[in-house]
Amino acid sequence: MVGRPTRCLKTIDLHDKPREECGVFGIYAPGHDLAGLTYYGLYALQHRGQESAGIAVADGSRVQLYKGMGLVSEVFSGNQLSNLKGHVAIGHVRYSTTGSSHPVNAQPLLFRYAGGMLGLAHNGNLTNVTELRSQLLNTGSVFQSSTDSEVIVNIIARFAQNNLVDGLIKSMIDVRGSYSLVIITENKLLTLRDPHGFRPLCVGALGDGYVVASESCALDTVGAMFIRDVQPGEILVIDENGLESIQVLKPRKRAHCIFEYIYFARPDSVLDGFNVYRTRQQMGRALAAEYKVEADIVIPVPDSGTAAARGFAEASGIPFEEGLMKNRYIGRTFIQPSQDMRDLGVRLKLNPVREVLDGKRVVMVDDSIVRGTTSHKIVAMLRDCGVREVHMCLSSPPITHSCYYGIDTSNEQELIAAQKTPDQIRQCINADGLHYLSLEGLLNIFGAARDNFCTACFNGNYPVEVVKPRDAGKYNLE
Ligand code: SF4
C-alpha cells in the first residue's frame, strides 16, 4: 500500500548542508509489536531522511507494506500500524540521492521472486548502477522506480532462484559503491554492508530477537542492547535459528563516511567505535588548537555546531554561550508562502539573542559550508545585534568535491570551496575571520583508525571508482 503524497507545495531549503541519505531499520522479534517498534526506530532515524517513510512486516506467510511521502509521523498518522502484524519487519526513511522524490521511489521496495516475497530498504548509492541497469534492461528486466535500490533487487532476484543467500553473495560481487541493506522475506531478516563500510549499520539484541539499524540511537530507542557494528562485506541472516554471520567479501580498505561524524549522525549514536558527540567535541578542540583568536564568546550554529563549539570553548578558555536560538519545530525545508518571504527563511529557523551578542567579539562554530547561501545571512544577523567581530570556524575541511556514495553535496560548480579560496569565502560571508578544520586535524581525532575513513569530498580521493556527471551522458542517466 502506498500512502497519498502529502507535500506538493513549493518548499525552500533552509540550510546549507549536505543532505543526508537514508536510514534503515530491521527487527526479528516474535511476540513483540514489530510495526510499533519499527515506527519508533524510524522516528529515531528521522534526521537521515524526511521525504518518505515505509514499513514492511512479515508473518510467516506474507509480507505487508505501507509507505508514503512525508515524515514518519505524517505517513503513519492513522491506523496503518495496527494492520501490520508479524514477527519480522523492516523500515526506511528516505532522502533521494538517486531517483526523484516520488511515491514510487519510497522504500521498502517489495517484490515477488522465484523464492517468494522479498522486501528491501537501502542506504547508500551504487556507483555502477547505470551499467547494471542497462545490462538488466537488455536481458528483459523491467523497473517500477528510478532508484538504484531496485537494480539491487533485480540482481538479487536473478541470482536467488534456489537460495536467497546465494543471490545476495553473488549480488555483492556485482554491485559497487555504498550500501547498507535490510531485507525481509516471509520468515527472515537479512542485512548486509558493502565491503568498504561506507554507510553505518549496527546490530543489537532485544530479548531473544535482534534489531539492526543505521545508527545505534535507534537501538536505544526501541530498548535493544547494542551488540556490534555489521562488518564491511558481511551478511547477517536472522531467523528462528538465531543470528548467522557470513563474511562474504574480504573487507577492503575501510572507507566509513567521515561526514557522518561531522554532521549527519545523531550525537548520541556510536558508529564503528566512535561516539558522535565526543568526536564533534574533539573537532572543536582541534579547531581551537589550529585557530588562535581573541574573542569574548563562542557560540554554535545550533544544533549541528553545538558539540564542536563546546569543544572550542573548553580548549580556548573562551566562554560558551548560546547566541542563536533554533526553532525546533521547523524542518530542513519549509513551504515558501511567497518569493518575498524567502530572505526571512533563515530567521524563521534561527533567531539571535541580542542580550548575549551585543558588543561582543564572537567565534561562531558550524559544521560545514556547502554553497555559502546561509552563512552570510547569519553573519548579517549577528552584526545587526551589535556584534563587533565574527570569526567563523568550521569543524570540517573545505568541501571541494561531490559525493557519489549516497550524500547530496551539490555538484562541484555549486560548492563554494571548489570555486573560491577561504579568504574569498570570508569576504563573501562578511566575516572577520574564517577557519576550516584541517584534514590532518580531523583525522588525528580517530587515532589509529585514521585511515579507515572516506574523505573524498575534501580531497577527491574516491575509494571506489565513480562516474562523474560529465561522463554520464553515454550511460543515459535519468
Ligand atoms: Fe562521506 Fe564525503 Fe565520502 Fe561522501 S565523499 S561518503 S560525504 S566522506
Side-chain angles (χ1 to χ4, degrees), residues 15-24 47-49 94-98 122-129 148 175-181 193-201 214-215 229-230 232-233 251-266 269 271-274 276 279-280 283 304 308 332 366-371 394-418 436-446 449-469:
H15 79 160
D16 178 34
K17 302 293 173 203
R19 295 288 201 139
E20 301 88 338
E21 353 57 48
C22 299
V24 296
H47 58 287
R48 299 184 71 85
R94 176 169 195 261
Y95 167 72
S96 56
T97 49
T98 71
H122 173 207
N123 174 201
N125 203 27
L126 303 189
T127 53
N128 60 338
V129 67
D148 57 350
V175 301
R176 292 196 296 275
S178 66
Y179 53 90
S180 284
L181 299 177
R193 193 176 182 195
D194 71 70
H196 294 274
F198 279 101
R199 308 258 70 89
L201 190 64
S214 294
E215 293 183 34
D229 297 291
V230 178
R252 309 209 177 117
K253 183 188 171 314
R254 285 179 182 249
H256 308 315
C257 173
I258 207 161
F259 234 103
E260 293 279 355
Y261 300 92
I262 295 168
Y263 172 67
F264 301 130
R266 251 175 59 163
S269 287
L271 312 179
D272 292 297
F274 293 93
V276 175
T279 308
R280 287 182 190 164
M283 290 172 198
S304 50
R332 296 282 162 84
D366 201 357
D367 53 88
S368 58
I369 298 180
V370 179
R371 288 158 293 163
L394 298 152
S395 54
S396 72
I399 303 171
T400 51
H401 295 75
S402 297
C403 176
Y404 299 89
Y405 308 127
I407 305 297
D408 183 0
T409 47
S410 299
N411 64 47
E412 285 172 24
Q413 286 71 41
E414 292 173 326
L415 293 172
I416 192 168
Y436 288 92
L437 180 60
S438 67
L439 184 54
E440 193 60 18
L442 176 61
L443 291 174
N444 283 343
I445 291 165
F446 298 94
R450 55 174 284 139
D451 294 331
N452 289 352
F453 296 93
C454 173
T455 54
C457 48
F458 308 129
N459 58 13
N461 294 337
Y462 292 98
V464 172
E465 190 186 358
V466 294
V467 178
K468 295 194 176 185

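Below, all heavy atoms of this structure are taken into account, side chains as well, without hydrogens, waters or symmetry copies. Since we're looking at a predicted model, the values are computed, not measured. Read the numbers this way: they start at 1 and go in the same order the structure lists the ligands and their atoms.
Remark: ligand 1 atoms within the under-4.0 Å shell around heavy atoms of Ile407 are 7 (S). The Ala456 neighbourhood of ligand 1 comprises atoms 5 (S), with distances under 4.0 Å to a heavy atom of that residue. Atoms of ligand 1 lying under 4.0 Å from at least one heavy atom of Ile258, given by number and element, are 8 (S). Residue-ligand proximity, Cys457 to ligand 1, at heavy-atom distances under 4.0 Å covers atoms 2 (Fe), 5 (S), 7 (S), 8 (S).
Between atom 1 (Fe) of ligand 1 and Cys257 there is an N/O/S contact shorter than 2.8 Å. At a cut-off of 2.8 Å, Cys403 is not counted among the residues with an N, O or S atom near atom 3 (Fe) of ligand 1.
For the atom pair CG of Leu415 and SG of Cys403, the computed distance is 11.0 Å after rounding to the nearest 0.5 Å. One distance of note links CG of Leu201 with CG of Asn123; it measures 8.5 Å at 0.5 Å rounding. Taking CG of Asp148 as the reference point, atom OH of Tyr179 lies at 12.0 Å (rounded to 0.5 Å). Taking NZ of Lys253 as the start and CZ of Phe453 as the end, the distance is 9.5 Å to the nearest 0.5 Å.
Protein heavy atom nearest atom 3 (Fe) of ligand 1, with residue, atom name and distance: Cys454 SG, 2.3 Å.
In this structure, Phe259 has its ring center closer than 6.0 angstrom to the ring center of Phe458.
Of the candidates Ile262, Leu437, Leu394, Asp367 forms a side chain to side chain contact (heavy atoms under 4.5 Å, CB included) with just one, namely Ile262.
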